[in-house]
Amino acid sequence: MANNNGNEEEVTAGKVMYNKDIINSIIQLATKEISGVASMARSSKNPVIKLVKGKRDNGVKVSLVGGEVVVDVFINIFSDANVKEIAWRIQENIKTSVQSMMDVKIKAVNVNIVGVDFSNLERE
């Protein structure tokens, strides 16, 4: 709103709310961009949890802890991948991607390697 003298403006801060699916999509894309990631894995092996939650398990779990976001990603990697390098690159890419697109602070990114994909050996 403009002040009567026209020299100053008063700005009121609003509130931005993000749908959980948006942050999940950003995290999935940031994870899949990393070379060596074969696919996203299910975050739970228990099919009953999937039915109870009523949602598709996309390999991403997002939690809010003290106003900061904690991310868990569950992936399958290719057999010739360097685990330590991939995990670090995923952590950095998720943190950079989410924080550049959204006004949230990432507290932690936990990378859970669930399986190894050997299909890359068949291509050689």
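Nearest heavy atom pair, residue Ala81 against residue Gly36, reads CB-O, 4.1 Å. The minimum heavy-atom distance linking Asn93 with Ala30 is given by the pair ND2-O, 2.7 Å.
Placement of Val83 and Trp88 in two distinct hydrophobic clusters is found when ILVMFWY residues are connected by side-chain heavy-atom separations under 4.5 Å, directly or transitively. Under the 4.5 Å side-chain contact rule for hydrophobic residues, Val70 and Ile94 do not share a cluster. Using a 4.5 Å cut-off between side-chain heavy atoms of Ile, Leu, Val, Met, Phe, Trp and Tyr, with links allowed through other members, Val98 and Val62 fall into the same hydrophobic cluster.
Distance check, rounded to the nearest 0.5 Å: NZ of Lys95 to NZ of Lys105 gives 6.0 Å. Note that CG of Asn58 is 8.0 Å distant from CG of Asp21, once rounded to the nearest 0.5 Å. The CD1 atom of Ile90 sits 10.5 Å away from atom CD of Glu85, with the distance rounded to the nearest 0.5 Å. Atoms CG and CG, on Asn24 and Leu29 in that order, are 11.0 Å from each other to the nearest 0.5 Å. In this structure, CZ on Arg89 lies 4.5 Å from CD1 on Ile34, to the nearest 0.5 angstrom.
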| Would Ile75 and Met40 satisfy side-chain contact (heavy atoms from CB on, under 4.5 Å), going step by step from the backbone distance to the final call? | CA-CA 4 Å; Ile75 61 167; Met40 301 300 291; 4.2 Å; yes
| Do Leu64 and Val69 pass the side-chain contact (heavy atoms from CB on, under 4.5 Å) test, and can you show the C-alpha distance, the side-chain angles, and the key distance before you say yes or no? | CA-CA 5 Å; Leu64 193 62; Val69 175; 4.2 Å; yes
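Not one N or O on the side chain of Asn112 forms a donor-acceptor pair closer than 3.5 Å with the backbone of Val114. A donor-acceptor pair under 3.5 Å is formed between the side chain of Gln99 and the backbone N or O of Ile106. The closest donor-acceptor contact from the side chain of Gln91 to the backbone of Val109 lies under 3.5 Å.
By the neighbour-count criterion of 12 heavy atoms within 6.0 Å, atom CG of Asn19 is densely surrounded, having more than that number from other residues, nucleotides or ligands.
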